[in-house]
2 protein chains.
Amino acid sequence: MNDKSYHHGDLAQELRLVAADLIAERGAGGFSLREVARRAGVSHAAPTHHFGDATGLLTAVAIDALRHLHAAVTNAAEGIDDPRRRLVAMGRAYVEASAAHPGHCAVAFRHDLVNETDPSYLEAADAAHGVFFATVAEIAETTAEPLDVGTATSLGWATMQGLVELYSNMEEIGERHGQGSPPPIGTVAEQFAEIIVKGFG
Amino acid sequence: MNDKSYHHGDLAQELRLVAADLIAERGAGGFSLREVARRAGVSHAAPTHHFGDATGLLTAVAIDALRHLHAAVTNAAEGIDDPRRRLVAMGRAYVEASAAHPGHCAVAFRHDLVNETDPSYLEAADAAHGVFFATVAEIAETTAEPLDVGTATSLGWATMQGLVELYSNMEEIGERHGQGSPPPIGTVAEQFAEIIVKGFG
DNA sequence: GATCGGTCTTGCCAGTGTCAAGATACTGTG
DNA sequence: CACAGTATCTTGACACTGGCAAGACCGATC
């Protein structure tokens, strides 16, 4: 229970950080357990003890990603009374947090690399989802026609995650069509969110 | 220029198909050049000659993915005059094509695995994007307030791609909240698209 | 029929994930 | 304080991977 144990203060924590750095640097495909161990200054098998296998470590990184997203979105929501304006701010915060933690968020929803049935993962995903859900539910009370809150929440989530995934492609296509680069990703997120909120009715 | 060459009729084509099958089966993380070669019945270095390296083969698979998406969306659009109804049908077709070609579409936008500067890739992406753009442009002529066509197109694209990525998570969260499973992915796509089109004004 | 370029194979290397076994440091108990 | 036990980490091994170099083979061209 002591904070400092053995060689490192907290090797498990350090491994998660180093892994996220490595993914940010080389992409999820360039990730390697042994390189993580090397950068952390431990032997190649040390991560196994804490995380079982590569999937275990990547799952831990994904959980950290979800917590970062959750924290950023919650923080952005604070103090905004109008639920529509709040949802727009949350969308912006979501994509900006993804950009601020590229290593973490690059693996957050990678079904082939992460064990998405891990209880901690599900819990973290629930928490992040819940923040959006609550705000959409508030909006739903103000719409002319009834709005399915679950569907509407999923829509917002999918849009923001899709934007994170495709923003670089959008830049490329914008320039190829001579439309110039799109605005910063946070601004795009706001534009998207405003159209969606309008579509809620 | 003959159709049949050497051992196989068209090894490059066969390798792309086998690679897509393998990714569909094991996920993008389970992909392996040597396993692809094994399944195609050739030596482990045969793919190198056609695609250079693993990125080359995966880029080819991604290009096939974009072409599948393009074809499916174009096909779905045919014969629908109302651009709003057409866009909804295209959204459905997009996600259903992704579900029908999971191996291809799992790598279509994976910046760490695919060379997205490949001219053929850019061309295929342009083509798919263009179909959406044209329909959104038609819609934009009917809106009360002016609609930025580029932004609106990107919104639709991001939403559909995000849905493809997150649908399994949505299923999980829906069941955990006792809301039951969401509808089939094509139906969700329609629901999303209808809200978005409404938001276009 | 010899030559030659395109196609594929064989062999090799460093690097990887995972497992088993051992060494080391911390912890609690007498 | 001694000693045993456990969590932590290391070492060593294995099969596997991607990429390279060298060679073998086929098919067509002169």
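Within every chain, numbering begins at 1; the chains are lettered A, B, ... in the order of the sequence lines, protein sequences first and strands thereafter.
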*asked:* Taking only side-chain N and O atoms of Arg38(B), does any of them lie within less than 4.0 angstrom of OP1 or OP2 on dT17(D)?
replied: yes
*Give the rounded distance in Å between these two atoms: CZ of Phe31(A) and P of dG17(C).*
7 Å
*Just say parallel, tilted or perpendicular for the rings of Phe133(B) and His129(B), cut-offs at 30° and 60°.*
tilted
_If I take atom CG in residue Leu113(B) and atom C1' in nucleotide dG18(D), what distance separates them, rounded to the nearest angstrom?_
14 Å
_d(NE2, His49(B); C1', dC20(D)) in whole Å_ = 14 Å
*Got a salt bridge between Arg176(A) and Asp126(B), using NZ or NE/NH1/NH2 to carboxylate O under 4.0 Å?*
yes
_Gap between atoms CG and P, on Leu22(B) and dT17(D) respectively (whole Å)_ = 10 Å
*Protein-nucleotide distance (Leu57(A), atom CG; dT16(C), atom P), rounded to Å*: 15 Å
*Rounded to whole angstroms, how far apart are CG on Leu15(A) and P on dG17(C)?*
13 Å
*Any salt bridge between Glu138(B) and Arg84(B), counting N to O under 4.0 Å?*
no
*asked:* Just the rounded figure in Å: distance from P of dC20(D) to CG of Asp53(B).
replied: 8 Å
*asked:* Reading DNA chain C from 5' onward, which residue's closest nucleotide shows up sooner: Arg34(B) or Glu35(A)?
replied: Arg34(B)
*So among Thr135(A), Asn75(A), Thr74(A), which one has a side-chain contact (heavy atoms from CB on, under 4.5 Å) with Met90(A)?*
Thr135(A)
*Ignoring backbone atoms, establish whether Ser32(B) has a side-chain N or O less than 4.0 Å from OP1 or OP2 of dG18(D).*
yes
*Side chain His44(A), main chain Val36(A), donor-acceptor under 3.5 Å*: no
*What does Thr48(A) touch in the nucleic acid at a heavy-atom separation under 4.0 angstrom: a base, only the sugar-phosphate, or nothing?*
nothing
*Indicate, with a heavy-atom threshold strictly under 4.0 Å, whether Ala54(B) touches base, sugar-phosphate, or nothing.*
sugar-phosphate
*Would you mind checking if Lys198(B) and Glu194(B) are paired as a salt bridge, meaning a charged N to carboxylate O distance below 4.0 Å?*
no
_Taking the basic N atoms (NZ, or NE/NH1/NH2) and the acidic carboxylate oxygens, is any pair closer than 4.0 Å for Arg39(A) and Glu35(A)?_
yes
*asked:* How many whole angstroms separate atom NE2 of His44(A) from atom P of dT11(D)?
replied: 9 Å
*Out of dC9(D), dT10(C), dT17(D), which has the shortest distance to the side chain of Ser43(A)?*
dC9(D)
*Specify the angle, to 10°, made by the local axes at the two ends of the helix from dG1(C)-dC30(D) to dG30(C)-dC1(D) when five pairs are taken at each end.*
10°
*asked:* Checking contacts here: which listed nucleotide (dT7(C), dT10(D), dT18(C)) is nearest the side-chain heavy atoms of Leu33(A)?
replied: dT18(C)
